[in-house]
Amino acid sequence: DDLAVELDAESEAEWDAELDAELETEWDAEFEAEFDADLEKEMDDYLDTVNRLWHENQGHTEYDAPDMDEVVVPEGVVEIGERAFLHCERIRKIILPESVMEIGEAAFFACTSLESVQLPEQIVKIEKNAFANCRNLREMKLPKGLKKLADHLFSGCEALEQVVIPEGVEEIGRNVFYQCSGLPELHLPDSLKKVGDGLFYAEAGFRNLVLPAGVVEIHEKNFENGKDIDWLEVAEGNPVYRSEKGMLLTADGKKLLYCP
């Protein structure tokens with residue numbers, strides 16, 4: 001009987017200690033830790049994938065020449081293939097012919113010396129990670145034929161100072177501008193309809209955003225995790241969202257979605 005009482009007392013004390021520990025844990029701290037872990041895992045996964053492909057390719061591409069700092073791709077090429085310039089760290093400038101219509105996944109990933117790329121207007125698709133980790137890329141004028149900015153398109157482009165997103169783009173994918181710390185502003189086209197995860201917490205240089213009237217879908221994680229946007233404005237006529245004093249609300253004003 002004494003042993004049973006002792007065990008019951010120990011169990012109760014253990015349960016009380018666990019409950020106290022749970023009560024002492026702040027929800028914000030849990031949320032922040034979960035968010036950081038998810039984001040870190042996502043970035044690690046995509047870097048691991050691209051690095052694996054890099055090792056499989058043995059770091060060699062057709063254009064990876066020791067004395068080549070400018071590449072002119074010949075006329076007639078229609079597609080820049082997946083990983084075509086992967087880790088070509090010497091190249092500073094790439095000129096693509098008017099015949100190019102597609103750029104494959106991770107095509108220019110980690111071209112760390114690359115400063116400029118001339119993109120033909122005929123391009124209709126640029127796959128994810130295409131320019132990720134191009135740390136010296138300064139500016140980018142995207143072609144008018146694009147409908148979507150693919151996931152992680154400019155992730156890690158810390159020197160990027162200007163991006164021209166043309167009318168016709170309807171969707172911004174996931175973490176497109178992640179860690180573009182040198183990008184002071186971002187102008188979104190009137191044609192934009194959908195905003196993917198990561199735009200409100202991109203760790204980028206821009207702190208203000210104007211959402212066009214056509215934006216009808218914003219990924220919910222922007223509201224949950226957003227911390228980098230200080231002021232939001234929604235253009236008049238948006239049927240889903242409106243803004244007030246930098247805050248984002250539903251169009252009827254009954255639900256506050258994001259407060260900087």
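Numbers here simply count residues along the sequence, with the first being 1. As the structure is a prediction and not an experimental result, all values here were calculated from the model.
- Under a hydrophobic-cluster definition in which Ile, Leu, Val, Met, Phe, Trp and Tyr are linked whenever side-chain heavy atoms come within less than 4.5 Å, directly or via other members, Phe223 and Leu232 are assigned to the same cluster.
- The structure places CG of Leu146 at 10.0 Å from CD1 of Ile165, a figure rounded to the nearest 0.5 Å.
- Here the straight-line distance linking atom NE2 of His152 with atom CZ of Phe109 works out to 10.0 Å at 0.5 Å rounding.
- Residue pairs meeting the salt bridge (charged side-chain N to carboxylate O under 4.0 Å, His left out) criterion with at least one member in residues 111-121, sequence neighbours excluded, are Arg92-Glu115.
- The closest side-chain heavy-atom distance from Lys193 to Glu217 is not below 4.5 Å.
- Here the CD1-OG distance, from Ile91 to Ser113, works out to 9.0 Å after rounding to the nearest 0.5 Å.
- Hydrophobic cluster membership is shared by Val77 and Val71, with clusters built from Ile, Leu, Val, Met, Phe, Trp and Tyr side chains linked at under 4.5 angstrom.
- Residues Thr250 and Val240 have side chains not in contact (no heavy-atom distance under 4.5 Å, counting atoms from C-beta outward).
- Checked against salt bridge (Lys or Arg N to Asp or Glu O under 4.0 Å), Asp190 has no partners two or more places apart in sequence or in another chain.
- Below 30°, between 30° and 60°, or above 60°: for Phe177 and Phe206 the angle between ring planes is above 60°, a perpendicular geometry.
- Under a 4.5 Å side-chain heavy-atom criterion applied to ILVMFWY residues, the cluster that includes Met101 comprises Val78 as well.
- For the pair Asp197 and Arg174, the salt-bridge criterion is met [side-chain N within less than 4.0 Å of a carboxylate O].
- Rounding to the nearest 0.5 Å gives a distance of 7.5 Å between OG of Ser116 and CD1 of Ile95.
- A distance below 6.0 Å separates the ring centres of Phe108 and Phe85.
- With a 4.5 Å cut-off on side-chain heavy atoms, Asn175 and Leu199 do not count as touching.
- The side-chain hydrogen bond (donor to acceptor under 3.5 Å, both in side chains) search around Ser99 returns Glu75, not counting sequence neighbours.
- No continuous path of hydrophobic side-chain contacts links Tyr258 to Leu249 [ILVMFWY only; heavy atoms under 4.5 Å].
- Under the side chain to side chain contact (heavy atoms under 4.5 Å, CB included) rule, Val195 has a single partner from Leu209, Val215, Val176, Val216, which is Val215.
- Transitive grouping of hydrophobic side chains (ILVMFWY, heavy atoms separated by less than 4.5 Å) brings Phe154 and Leu119 into a common cluster.
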For this session: For the pair Ile172 and Leu192, evaluate side-chain contact (heavy atoms from CB on, under 4.5 Å) and give the outcome as yes or no after the intermediate values.
Result: CA-CA 8 Å; Ile172 292 178; Leu192 189 65; 3.8 Å; yes

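- Evaluation of the salt bridge (charged side-chain N to carboxylate O under 4.0 Å, His left out) test over residues 134-151, restricted to residues two or more places apart or in two chains, returns Lys148-Glu171.
- Within the structure, no pair that satisfies the salt bridge (charged side-chain N to carboxylate O under 4.0 Å, His left out) test touches residues 245-260, not counting sequence neighbours.
- If you take CG on Leu160 and CG on Leu183, they are separated by 5.5 Å, rounding to the nearest 0.5 Å.
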